[in-house]
Amino acid sequence: MPELPEVEVTRRGLAPRLQGRRLEDWRFSTLHLRHPYPELDAIRGVALQRLERRAKYLLFMFDNGWVLSWHLGMSGHFHLGKLNDPSLRHEHVRLNWSGGISVRYCDPRRFGYLALFPPGEWRRHPWFAQLGPEPLETRFSVAYLQDRCAARKSAIKQVLMDARVVVGVGNIYACESLFRAGIHPARAARRIAGRRIARLHGAIRDVLREAIAVGGSSIRDFLHIDGSSGYFAHRFAVYGRAGAPCHRCGHLVRRIVQQGRGTFYCPACQR
DNA sequence: AAATGAACCTGTTTGC
DNA sequence: TGCAAACAGGTTCATT
């Protein structure tokens, strides 16, 4: 489910517990995820050097250069536990690490997927080769976003959710960013003034940073790596609030469908 | 090229 | 109350 903040919070939670530990063993469920389970023999007994993130993918970087990429799909989440803890509901992968630590991957909808890449190869895979800049890095600049928007006549929300433009912005944070910037989600990207794109750029970064800061907001499926709920008191301004009054102006938040996804916005604040 | 719809899954919420 | 439809954070593929 996770959008960038939830994946980043997962990374920050797992990294200090796993870095330096060796992957000793693993178990896969009999049910497949989105793609077949990879062969992991190349990293058996190898220590985890770093846990990184690119877009909504977690990247387990091992000492021998091999990289395990992991996408959480719509409903994936990790639990940390001990070696012989009983299986959790919808547990599909278990990784056992040196020191008796066990990482369980649970995913009711099974849209998640993992893959193992030899040294240097992950960036060339189609999943990664076309990805745009990270929204919180400097390559994602105001000028860059203005440039990409000027070239697109499609709705701005669609452009924000296009991973070739910028990664990590999913349905929730696209809606929230557009609300903060006062931009109607269906407005043609190329018909938004440069000043307003600049405001949107700031809104995207602020919304994502705040969500990371509160621990990754999420609707219902995301769980913290220690098993406690990741559903924070973080309140969305518009997402999921159709029919409720806008906190800013009191008009009723509206829901429309774009590209088959629900879009929430305030018809008075967003133009 | 770009816009739509369907597909992959299960669980929860909504509406009759 | 029960049941069925709608809906859910993502990505990819096929069809207009």
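Just so we're on the same page: letters track the sequence lines, and every chain starts at 1. As a basis for the values below, the full set of heavy atoms in this structure was taken, side chains included, without hydrogen atoms, waters or symmetry mates.
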Touch class at under 4.0 angstrom, heavy-atom based, for A:Gly170 against every strand present: sugar-phosphate
Using a 4.0 Å heavy-atom cut-off across all strands, classify A:His32 as base, sugar-phosphate, or nothing.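 It contacts sugar-phosphate atoms only.
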Any N or O donor-acceptor pair linking the side chain of A:Arg109 to the base of B:dC9 at under 3.5 Å? yes
I'd like the P distance from C:dT11 over to B:dA1, given in whole Å. 23 Å
Considering only the P atoms, how many Å lie between C:dA6 and B:dA6, rounded to the nearest integer?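 Each nucleotide's P atom is 12 Å from the other's.
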Interatomic distance where [atom1] belongs to [X] and [atom2] belongs to [N] [whole Å]:
{"X": "A:Trp127", "N": "C:dG10", "atom1": "CH2", "atom2": "P", "result": "17 Å"}
{"X": "A:Gln258", "N": "B:dA3", "atom1": "CD", "atom2": "C1'", "result": "12 Å"}
{"X": "A:Arg89", "N": "B:dT10", "atom1": "CZ", "atom2": "P", "result": "11 Å"}
{"X": "A:His77", "N": "B:dT10", "atom1": "NE2", "atom2": "C1'", "result": "12 Å"}
{"X": "A:Leu31", "N": "B:dG11", "atom1": "CG", "atom2": "C1'", "result": "15 Å"}
{"X": "A:Arg54", "N": "C:dG10", "atom1": "CZ", "atom2": "P", "result": "16 Å"}
{"X": "A:Gln259", "N": "C:dT12", "atom1": "CD", "atom2": "C1'", "result": "15 Å"}
{"X": "A:Leu72", "N": "C:dA8", "atom1": "CG", "atom2": "P", "result": "20 Å"}

Run the salt-bridge test on A:Glu176 and A:Arg180 with the 4.0 Å N-O cut-off and return the result as yes or no. no
Answer yes when A:Arg110 and A:Asp107 have at least one side-chain N-carboxylate O distance shorter than 4.0 Å, and no when they do not. no
More than 12 foreign heavy atoms under 6.0 Å from CZ of A:Arg205: is that the case here?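 Atom CZ in A:Arg205 is packed in, count exceeds 12.
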For A:Arg123, is the CZ atom crowded, meaning more than 12 foreign heavy atoms sit under 6.0 Å from it? no
Tell which nucleotide pairs with B:dC9, taking only Watson-Crick or G-U wobble pairs whose two distances are both under 3.5 angstrom.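 Across any shown strand, B:dC9 pairs with none.
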Quick test of the criterion, 5.5 Å between centres and less than 30° between planes. Is A:Phe111 stacked on C:dT11 or not? no
